[in-house]
2 protein chains.
Amino acid sequence: MSSNSRGIGVFDSGVGGLTVVKELRKILPQEKIVYFGDTARVPYGTKSKEAIIRFTMENVLFLLKQNVKLIVIACNTSSSLALPVIKKHFRIPIIGVILPGAKESVYATRNKRIGIIGTRATIASRAYEEEITKLEPRAKIISQSCPLFVPLVEEGWLGGDIVSSVAEQYLKPLKNFRVDTLILGCTHYPLLGKVIQEVMGKGVSLIDSSKQIAMEVKEILEEGSLLQKGKKAGENNLYCYVTDKPKIFKELGEKFLGERIKNIYEVK
Amino acid sequence: MSSNSRGIGVFDSGVGGLTVVKELRKILPQEKIVYFGDTARVPYGTKSKEAIIRFTMENVLFLLKQNVKLIVIACNTSSSLALPVIKKHFRIPIIGVILPGAKESVYATRNKRIGIIGTRATIASRAYEEEITKLEPRAKIISQSCPLFVPLVEEGWLGGDIVSSVAEQYLKPLKNFRVDTLILGCTHYPLLGKVIQEVMGKGVSLIDSSKQIAMEVKEILEEGSLLQKGKKAGENNLYCYVTDKPKIFKELGEKFLGERIKNIYEVK
């Protein structure tokens, strides 16, 4: 198999990373995608740095066994805590979600006041702050972990009074700080985008980095002459592996992606 | 080592099972306790039956390696889904939390209308319904999963408007059903006991089965002549193993138990 026909590996702790797959399918429809969702150990955001590094290493090794040519860590928690540690061990390109999100926020802000929301582990890592400060040393940054957002999304509560109250409580310090740009630093959060936008006000740009990530993948493949030529292969070109609940993943995943997931496998 | 000096094994997906340990320490202070908390894979309540059986089997094997004489599955989800399947494979007694909770609810109810709240997996298993119906065929039972209760407790939100609203929403059908007894079918829920009691009203008995479980352990050890004689050994008699975050487990665990956790180990 030539390098070019090898797949792009993407992983997340659950189904959320499919937002990145959706953007990849739009701009690189001819590429094979191998997705890995660690649904038996989800969520990552409440686990320790050591555990997250161990899980990430295992997931990368799984994708390497599938002979991928590039890996996207679509999980914010893994990208924040594990990517800097594990990147140096591997020869293929590994992309996280932090740098693309940081870039987009710096591009979007006018008043240079940027907010970040994410899981407890992502926020504690200060990974977004580091990248933003490198790109724009004058940026004023405020961050806030929102541990109830993931369970709210998983419960299917995407609007209503309770969700608004929780969002008000978490986002109040960011509003008071007068951010004009807010990074949604967790793949679940775009699903609460409407409520978050209402609480923050229309003037605030919400940054969901999946488009930017897909662009970066395309650039890297182009630079390395690794792009797959030929025609779009559709559902025959997408392979999903999960560690638990393949049926629920398929149902939710197809809604997320807007296309059928034909090839889905449970692995231990 | 004689059979009697071997420990009592207890496991839960996290820290919640220490409520059972607390009761065991009160009535069996001379017994050695080996606790296992699977904090790297918590929560179990959102995972599949197959995953829960696999995790439970691994946890039981871990405790057997510690040479325990009896195992308490302090996790409601594992007790509901895995205990009936795995029990037959082992020679030592394995006790779950379902039967003791069911017994206590039947004893407490006057109008024979019993409510059950728990994780999605526990409620879907209908394990409590089965046991209650065996004990009291005329019981009228209603059950409700409350997936946001665990994250609320873990966020430390144990009271206030948001918690009350979430509780109102989940508990409304049980109030309308006029239950006089409510099983708290998850080790996290007693921490929300005050709010749950307010929402349900003073007349409703809340069932937290940890006392009943400790009594059952004592009975089984007595019947099998397996009780440890001698004096209370205090903190030297409690061993905790966790798969992630030993420091946080120790902090939270000591609050739960009201005693020091001297021996704590991280295992993979």
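Residue numbering restarts at 1 for every chain, and letters A, B, ... go by the order of the sequence lines. All of these numbers come straight from a predicted model, not from anything done at the bench.
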(request) Could you tell me the separation between the CG atom of B:D12 and the CG atom of B:N76, rounded to the nearest 0.5 Å? (result) 8.5 Å
(message) Within residues 184-202 of chain A, which residues come under 4.5 Å of chain B, heavy atom to heavy atom?
(response) none
(request) Flag the one option from B:Q169, B:E266, B:K247 with the top tally of heavy-atom pairs under 4.5 Å to chain A. (result) B:Q169
(message) Strictly distance-based, threshold 3.5 Å: is any side-chain N or O of A:R178 a donor or acceptor partner for the main-chain N or O of A:R113?
(response) no
(request) Mark yes or no for whether B:S79, through its side chain, and B:I73, through its backbone, hold a donor-acceptor pair below 3.5 Å. (result) yes
(message) Less than 4.5 Å to any heavy atom of chain B: does that hold for the side chain of A:L152, its backbone, both, or neither?
(response) both
(message) Measuring from atom CD1 of A:I33 to atom CG of A:N263, what distance do you get when rounded to the nearest 0.5 angstrom?
(response) 13.0 Å
(request) If the plane angle is over 60° it's perpendicular, under 30° parallel, otherwise tilted; pick one for A:F11 and A:F36. (result) perpendicular
(request) Could you please state which residues from residues 38-50 of chain B sit under 4.5 angstrom from chain A, measuring non-hydrogen atom to non-hydrogen atom, sorted by number, or 'none'? (result) B:T39, B:A40, B:R41, B:V42, B:P43, B:T46, B:K47, B:S48
(message) Within the 4.5 Å heavy-atom criterion, are A:P173 and A:I142 side-chain neighbours or not?
(response) yes
(request) Decide yes or no for A:L64 and A:F90: does some side-chain heavy atom of the first lie under 4.5 Å from some side-chain heavy atom of the second? (result) yes
(message) On a heavy-atom basis, which atom in B:T19 and which in B:S210 lie closest, and how many Å separate them?
(response) O-CB, 3.7 Å
(request) Please state whether the rings of A:Y241 and A:F62 are parallel, tilted or perpendicular, taking 30° and 60° as the class boundaries. (result) perpendicular
(request) Could you tell me the separation between the CD1 atom of B:I141 and the CD1 atom of B:I132, rounded to the nearest 0.5 Å? (result) 4.5 Å
